[in-house]
Amino acid sequence: KGGVGKTTVTIGVAQALTALGIKVGVIDLDLESSSLGNTLGLTHEKLTMRDKIEPVDVAGIKAMSLSLFPDEQWEDIPTLLNEANVFRVVNQLFTSVNWQGVDILIIDHPPGTGPELRALIRNGIDALILVTATQQISEMPVRRLVRMAREELRVPILGVISNDAYATRKVDGSSAA
């Protein structure tokens, strides 16, 4: 589900790993509403290219997002990609960007099990951390993703983060306080 803080958690995990001396990269796979660049305080960065596109370095974290490409009209252009184009874009974020030297690559993934996830699977994933909120509307997509990870992908789930900083009610409706 959107709006549960996936990007914020992604950046927090990346910062914590970087503080431990681990070289971290982050890819924003939310192709329709990329927010990673904005959350990191970056907009339309001047990307450099040698043999590959160089990710933007923010406090030791290498970051790449479609929102970083220098097109000032980007925010006004709807991103309507068919599945084949989603596969191409995701593949390019993995293969056309210089991730050399990165120990861990964290993917900020859009909600659900759509084409971005299928493209990600093609590129290989080692584990998942799920971010959700304690709202009934969040339960179904998380259950679906847990089932997919266990039964189809056979990928371990490292944890589920319930990002409920302002929750006042539990899923069953009782008080969270």
Side-chain angles (χ1 to χ4, degrees), residues 4-75 77 79 81-131 145 148-150 152-161 163:
V4 297
K6 292 177 298 297
T7 300
T8 303
V9 169
T10 297
I11 293 168
V13 169
Q15 289 171 330
L17 292 171
T18 300
L20 294 172
I22 298 169
K23 294 180 175 78
V24 179
V26 178
I27 297 177
D28 183 354
L29 277 193
D30 195 342
L31 305 180
E32 293 185 24
S33 59
S34 300
S35 60
L36 183 74
N38 234 2
T39 307
L40 289 171
L42 307 169
T43 54
H44 311 302
E45 296 300 304
K46 185 174 181 178
L47 298 173
T48 59
M49 185 163 175
R50 294 183 184 107
D51 292 333
K52 294 185 172 199
I53 300 169
E54 294 298 321
V56 176
D57 188 304
V58 179
I61 299 169
K62 305 286 185 185
M64 182 52 60
S65 170
L66 290 183
S67 66
L68 300 178
F69 285 86
D71 184 348
E72 291 161 9
Q73 297 176 13
W74 172 256
E75 290 128 17
I77 299 172
T79 309
L81 298 173
N82 63 31
E83 193 160 334
N85 285 332
V86 169
F87 284 133
R88 270 194 286 281
V89 170
V90 170
N91 190 53
Q92 286 180 335
L93 288 170
F94 280 95
T95 61
S96 298
V97 176
N98 182 9
W99 297 114
Q100 186 175 357
V102 169
D103 299 319
I104 294 177
L105 191 56
I106 300 173
I107 312 302
D108 184 13
H109 188 278
T113 56
E116 292 91 346
L117 181 59
R118 290 189 292 280
L120 181 58
I121 292 164
R122 280 188 179 180
N123 284 282
I125 54 176
D126 296 318
L128 295 171
I129 297 173
L130 306 178
V131 180
L145 192 52
M148 181 184 216
R150 288 180 177 160
E152 296 176 36
L153 305 177
R154 305 210 189 299
V155 173
I157 297 171
L158 299 180
V160 177
I161 297 172
N163 192 18

Distance check, rounded to the nearest 0.5 Å: [X] atom [atom1] versus [Y] atom [atom2]?
X      : Y      : atom1 : atom2 : value
Ile61  : Ile22  : CD1   : CD1   : 11.5 Å
Leu128 : Arg150 : CG    : CZ    : 11.0 Å
Lys62  : Glu54  : NZ    : CD    : 7.0 Å
Ile106 : Leu17  : CD1   : CG    : 5.0 Å
Thr10  : Ile129 : OG1   : CD1   : 8.5 Å
Leu20  : Ile104 : CG    : CD1   : 9.0 Å

Legend entry - For Arg88, all residues meeting side chain to side chain contact (heavy atoms under 4.5 Å, CB included), sequence neighbours excluded: Ala84, Asn85

Legend entry - Side-chain donor or acceptor of Trp99 paired with backbone N/O of Leu93 under 3.5 Å: yes

Inset, instruction - Evaluate side-chain contact (heavy atoms from CB on, under 4.5 Å) for Val24 paired with Val102, printing each intermediate quantity in order. - result: CA-CA 5 Å; Val24 179; Val102 169; 5.7 Å; no

Inset, instruction - Check whether any side-chain heavy atom of Leu145 sits under 4.5 Å from a side-chain heavy atom of Leu130, and report yes or no. - result: yes

Inset, instruction - Determine whether Val58 and Val56 make a side-chain contact, defined as any pair of heavy atoms from C-beta on separated by less than 4.5 Å. - result: yes

Any idea which heavy atoms bring [X] and [Y] closest together, and the distance?
X      : Y      : result
Val97  : Met64  : CG2-CG, 3.9 Å
Asp28  : Ser65  : OD2-OG, 3.1 Å
Ala127 : Val155 : CA-CG1, 3.4 Å

Inset, instruction - Evaluate side-chain contact (heavy atoms from CB on, under 4.5 Å) for Leu29 paired with Asp108, printing each intermediate quantity in order. - result: CA-CA 6 Å; Leu29 277 193; Asp108 184 13; over 6 Å; no

Inset, instruction - Evaluate side-chain contact (heavy atoms from CB on, under 4.5 Å) for Val26 paired with Ile11, printing each intermediate quantity in order. - result: CA-CA 8 Å; Val26 178; Ile11 293 168; 5.8 Å; no

Legend entry - With sequence neighbours excluded, residues passing side chain to side chain donor-acceptor pair (under 3.5 Å) with Gln92: none

Legend entry - Atom CG of Asp51 with >12 non-hydrogen neighbours under 6.0 angstrom: no

Legend entry - Candidate pair Asp103 and Lys23, rule side-chain contact (heavy atoms from CB on, under 4.5 Å), full reasoning: CA-CA 5 Å; Asp103 299 319; Lys23 294 180 175 78; 3.5 Å; yes

